[in-house]
Amino acid sequence: MTRRADIVGWGKYVPSRVLTNADLAQMVDTNDEWITSRTGIKERRIRGEGETTTTMAVAAAREALTVAGMDAAELDLIVVANSSPDYLLPAPANFVQHELGASCPAFTIAAGCSGFVYSLVTAGQFIATGVYRNVLVIGVELISYAIDYTDRGTCILFGDGAAAVVLQPSEDGAGLMAFELGSDGGQAHHLWVPGGGTVNPISQDVVDKREHYIRMNGQEVFKFAVRKLSTCLRNITSQAGVNPADLDLIIPHQANLRIIETAARTLDLPLDKFFVNVHKYGNTSAASIPLALVEAIEEGRLKPGDTTAMIAFGSGLSWAGAVVRMGEAVARATPQEQVALA
Ligand SMILES: CC(C)(COP(=O)(O)OP(=O)(O)OC[C@H]1O[C@@H](n2cnc3c(N)ncnc32)[C@H](O)[C@@H]1OP(=O)(O)O)[C@@H](O)C(=O)NCCC(=O)NCCS
C-alpha cells in the first residue's frame, strides 16, 4: 500500500486584536450590512505589537507538535505556505525552523491562498516515497501588511493568522488520498501586488501610487473561485473514488460566504456539508484552509475514518484540492487540552 500522509497533530494561532466591520466603517466608506451581505465576514484578526509571520507560525506549530506528542528535534522536514514573509530573504521557513529548535530542512511555498494545499501535497510526496517520516506543514499569513486600508474593495476581506499540521505515514490507509494542483498565470493580474518586485522595484513613486498593496478584480476572482471550487471538487473526489455527497465535510478556502453558497448550489450539495469560519477571520490566505481544518477537528466535525475535501483558490490565479481520510489521531483531545496536559 502507498504510504499516505496522515494528520497526527494540529494547531492554530490568531492574533488577539480584532478588526470588526464597525471598525472598518470608521476607516473607509462601508458598513456592516454591506460587508455581511456581500461576504459573510463580521470580523478579522490583525497582528498586534511584536507579532510577525514567524511568531504566528511558531505558535501554531508548537501546538501541533504538542498534539502529535512530538519534539521539534524529531522533524524531518518543515514546509511553510506563505506569501507575506518577514523579509524578502530568507524565506520564513528558515526562521520558523530555528525558532522551533528543529535541525531539519525547511522551505517556503508561495502560492497565495492555495499555498497550504500545495504544501500539504508536496509534503505528502516525501512521505509517500518514504524519504521523510515526520513533516510539519504550516499555513501562515500576515497579509494585513499588504492591504491598502483606503481601498474598500479589498480591506474588508483579509485578516492575519496561522495554523499547522504534523504529518506521518499512516499504518491503516488514512491520509492524503487524491489531489489536484492548478495554475492559470494568464489571469495573474486579477489578484496581485504590482509594485515592490524586480519589475517595478520599491520607490517613492510605487509608494505614492500605492502599488505595494494588493490589487484585485473582485468580480473576476469571484467567478474563478466558484468555477474552481466546483470543478476541482468533482475531479479530486472522482480520483479518490468518492461520491461528493458521501464526503463527511468539505473545507473550502474561506474567502467569501457567497462563493461557498454559490458553489454548494452548483454542486447540488447542502451548505452544512461545508465548514465555514469566514465570519470570524475573513480571508487569511494560506492560513485559511488549515485554520478551518483545525477548528473542524476541535469542534468534533471530523472523526476517525471520515473523508474530507479541502479546496483552495487564489492569486496566480491558482487552485489546489486534496481529499484526506482522517486517521485515529483526531479522536484525541483538543489542542487546548493537550497543551494543558503537557
Ligand atoms: C470584493 C467583492 C466582495 C465585491 O462584491 P461585488 O458584489 O462583486 O461588488 P462590486 O465590486 O460589483 O461592487 C458593487 C458596488 O459596491 C461598491 N463597494 C465595493 N466595496 C464596498 C464596500 N466595502 N462597502 C460598500 N460598497 C462597496 C462598489 O464600489 C460598487 O459601487 P458602484 O456600483 O457604485 O460602482 C466580491 O467581488 C468578491 O468577494 N470577490 C472575490 C474576492 C476574493 O475572494 N478574493 C480573494 C480570493 S483568494
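Hydrogens, waters and symmetry mates play no part in the numbers below; they use all other heavy atoms, side chains included. Counting starts at 1 for both ligands and their atoms, following the listed order.
Contact detail for Ile260 and His253: the closest heavy-atom pair is CD1-O, 4.2 Å. For the pair Val18 and Asp23, the tightest heavy-atom approach, listed with the atom from each and the gap, is O-OD2, 3.6 Å. The two residues Ala245 and Leu269 come nearest to each other via the heavy atoms CA-CD2, 3.8 Å.
Under a 4.0 Å criterion applied to the non-hydrogen atoms of Phe313, ligand 1 contributes the atoms 48 (S). Close approach of ligand 1 to Ile156 (heavy-atom distance below 4.0 Å) involves ligand atoms 23 (N). Against a heavy-atom cut-off of under 4.0 Å, Gly314 is close to the following atoms of ligand 1: 48 (S). Ligand-side atoms of ligand 1 in range of Ile259: 44 (O), range being under 4.0 angstrom from any heavy atom. Less than 4.0 angstrom separates some heavy atom of Thr30 from each of these atoms of ligand 1: 22 (C), 23 (N), 24 (N), 25 (C). Those atoms of ligand 1 with a heavy atom of Arg258 less than 4.0 angstrom away are 7 (O). Distances below 4.0 Å separate heavy atoms of Thr39 from the following atoms of ligand 1: 3 (C). The contact set between ligand 1 and Val221, taken as ligand atoms under 4.0 Å from a residue heavy atom, comprises 43 (C), 45 (N), 47 (C).
Within the 4.0 angstrom cut-off, atom 8 (O) of ligand 1 has one or more protein heavy-atom neighbours. In this structure, atom 17 (C) of ligand 1 has protein heavy atoms in its sub-4.0 angstrom surroundings. Distance remark: protein heavy atom not present below 4.0 angstrom from atom 35 (O) of ligand 1. Atom 38 (C) of ligand 1 is flagged as protein-proximal [any protein heavy atom, distance under 4.0 Å]. At least one protein heavy atom sits closer than 4.0 Å to atom 41 (C) of ligand 1.
Screening Ser285, Ser84, Ser144 against Asp160 for a side chain to side chain donor-acceptor pair (under 3.5 Å) leaves a single residue, Ser144.
In this structure, the side chain of Tyr118 does not engage the main chain of Cys113 through any donor-acceptor pair within 3.5 Å.
With hydrogens and angles left out, the side-chain atoms of Glu43 and Asn21 include no donor and acceptor closer than 3.5 Å.
The environment of Asp268 atom CG is sparse: at most 12 non-hydrogen atoms of other residues, nucleotides or ligands sit within 6.0 angstrom. Heavy atoms of other residues, nucleotides or ligands lying less than 6.0 angstrom from NE2 of His98 number 12 at most.
Among protein heavy atoms, the minimum distance from atom 12 (O) of ligand 1 is reached at Gln219 NE2, 2.5 Å. Summary of contacts: the protein heavy atom closest to atom 31 (O) of ligand 1 is Arg152 NH2, 4.2 Å. At the top of the distance list for atom 45 (N) of ligand 1, counting protein heavy atoms only, stands Met216 SD, 3.2 Å. With hydrogens left out, the protein atom closest to atom 48 (S) of ligand 1 is Cys113 SG, 3.2 Å, a heavy atom.
Within the 4.0 Å heavy-atom shell around ligand 1 one finds Asp29. Residue contact check for ligand 1: Thr154 places no non-hydrogen atom closer than 4.0 Å to it.
Of the heavy atoms in Asn283, only side-chain atoms (C-beta onward) come closer than 4.0 Å to ligand 1. Of the heavy atoms in Trp34, only side-chain atoms (C-beta onward) come closer than 4.0 Å to ligand 1.
Between Phe107 and Phe126, the angle of the ring planes lies from 30° to 60°, which puts this pair in the tilted group.
Comment: Lys42 engages Asp32 in a salt bridge, judged by a side-chain N to carboxylate O separation of less than 4.0 angstrom.
Linking Ile, Leu, Val, Met, Phe, Trp and Tyr residues whenever their side-chain heavy atoms come within less than 4.5 Å leaves Leu291 and Val278 in two separate clusters. Taken together through direct or relayed side-chain contacts under 4.5 Å among Ile, Leu, Val, Met, Phe, Trp and Tyr, Val294 and Leu100 form parts of separate hydrophobic clusters.
Remark: among candidates Ser288, Ala255, Ser114, Gly282, the nearest residue to atom 44 (O) of ligand 1 is Ala255, based on non-hydrogen atoms. Distances from atom 1 (C) of ligand 1 to the heavy atoms of Ser318, Gly153, Ala25 show the closest one on Gly153.
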side-chain contact (heavy atoms from CB on, under 4.5 Å) between Val330 and Ile7, intermediate numbers included:
CA-CA 8 Å; Val330 290; Ile7 296 170; 5.6 Å; no
